[in-house]
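Keep in mind that this is a model prediction, so the values were computed, not measured.
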Amino acid sequence: RRGLLRIGTDGAIDEWTNEDPASPAPPTQIVQMALAADGMLWLAAPGGGVQQRDPANGRILQDIVAGDAGGLDAVDIDAMVIAPTGEPWVAGHDGVARYDPVQRRFQPIPGLGRERVHALAFDGPDLLWLQRLSGLERYQRAPEGWKRIDRVEARHGMPAVAAAGVFVDVRHRVWIPTSRGLYRWE
């Protein structure tokens with residue numbers, strides 16, 4: 001069933017469908033959710049775009065629909081994370097894009113390439129891990145932009161498979177769940 005449910009601390013259940021007149025849910029299944037440091041909830045739905053919602057009342061604060069106007073040229077979104085700076089980043093068919101709150105649209109990140117990205121994770125404000133079929137890549141933010149500093153390929157034991165996510169633990173180890181098992185890179 002398509003829609004969004006919220007169960008309040010008092011047990012009350014609120015529901016939004018894609019036909020809700022005030023705050024419609026995305027028209028497709030919500031596959032990514034992330035809570036930002038400011039408490040706002042971000043949702044991503046392939047073909048439906050990205051929404052920012054107030055978790056206290058479910059109201060839509062921003063609705064970035066799929067398509068050129070919102071910077072979501074490819075309507076598929078494989079992953080979404082909140083950057084250490086507070087804005088959502090999405091990954092998918094066209095690589096990685098970050099939300100620009102001034103332009104109110106997603107912008108591609110120069111230096112990260114346009115190859116499909118299945119998963120991504122930050123390791124602090126200046127390190128970023130991307131998972132592609134070609135392997136796991138680590139990027140570092142530099143004054144001139146993001147630069148790839150490491151690549152883990154099949155010859156290092158990283159299978160050519162789409163990851164279900166990328167997670168970095170407190171010891172800076174990278175965990176990659178896949179259909180072939182759980183991989184860790186140190």
Rounded to the nearest 0.5 Å, what separation is found between the [atom1] atom of [X] and the [atom2] atom of [Y]?
X      : Y      : atom1 : atom2 : value
Leu41  : Met33  : CG    : CE    : 4.5 Å
Gln131 : Glu137 : CD    : CD    : 9.5 Å
Gln107 : Tyr99  : CD    : OH    : 10.0 Å
Leu43  : Ile30  : CG    : CD1   : 4.5 Å

Any side-chain heavy atom of [X] sitting closer than 4.5 Å to one from [Y]?
X     : Y     : result
Ile64 : Leu72 : yes
Pro26 : Gln51 : yes
Gln62 : Trp42 : yes
Gln52 : Met40 : yes
Leu4  : Ser23 : no

Item to check | Test log, rule side-chain contact (heavy atoms from CB on, under 4.5 Å), inputs Glu87 and Ile82 | outcome: CA-CA 6 Å; Glu87 76 279 354; Ile82 304 298; over 6 Å; no
Next on the checklist: Could you work out, with side-chain contact (heavy atoms from CB on, under 4.5 Å) as the rule, every residue matching Pro108, not counting sequence neighbours?
Outcome noted: Arg114
Closest non-hydrogen atom pair, [X] against [Y]:
X      : Y      : result
Arg180 : Pro159 : NH1-CB, 3.5 Å
Ala36  : Gly86  : CB-O, 4.2 Å
Gly49  : Ile77  : O-CD1, 4.1 Å
Pro84  : Pro125 : CG-CA, 3.7 Å
Trp175 : Arg184 : CZ2-CD, 3.3 Å
Pro177 : Gly165 : CD-O, 3.2 Å

Next on the checklist: Is it the case that atom CG in Leu182 sees more than 12 heavy atoms from other parts of the structure closer than 6.0 Å?
Outcome noted: yes
Checklist entry - Should we count CD of Glu19 as having more than 12 external heavy atoms under 6.0 Å? => result no
Hydrophobic cluster of [X], others only, ordered by chain and residue number, side-chain cut-off 4.5 Å:
X      : answer
Leu130 : Val81, Trp89, Val96, Ile109, Leu112, Val117, Leu120, Phe122, Leu128, Tyr139, Trp146
Leu127 : Ile149
Val166 : Trp129, Leu136, Val152, Met158, Val168, Val174, Ile176, Tyr183, Trp185
Val170 : none

Next on the checklist: Checking Ser134 against Arg151: is there a side-chain donor and acceptor pair closer than 3.5 Å?
Outcome noted: yes
Checklist entry - Is there a donor-acceptor pair under 3.5 Å between the side chain of Thr178 and the backbone N or O of Val161? => result no
Checklist entry - Between the main-chain N or O of Ala56 and the side-chain N or O of Arg6, is there a donor-acceptor pair closer than 3.5 Å? => result yes
Checklist entry - Are Arg116 and Asp78 ion-paired here, with the side-chain N under 4.0 Å from a carboxylate O? => result yes
Item to check | Arg173: salt bridge (charged side-chain N to carboxylate O under 4.0 Å, His left out) partners, not counting sequence neighbours | outcome: Asp169
Item to check | Within 45° cone of Trp16 ring axis and under 6.0 Å: Arg53 NZ or CZ | outcome: yes
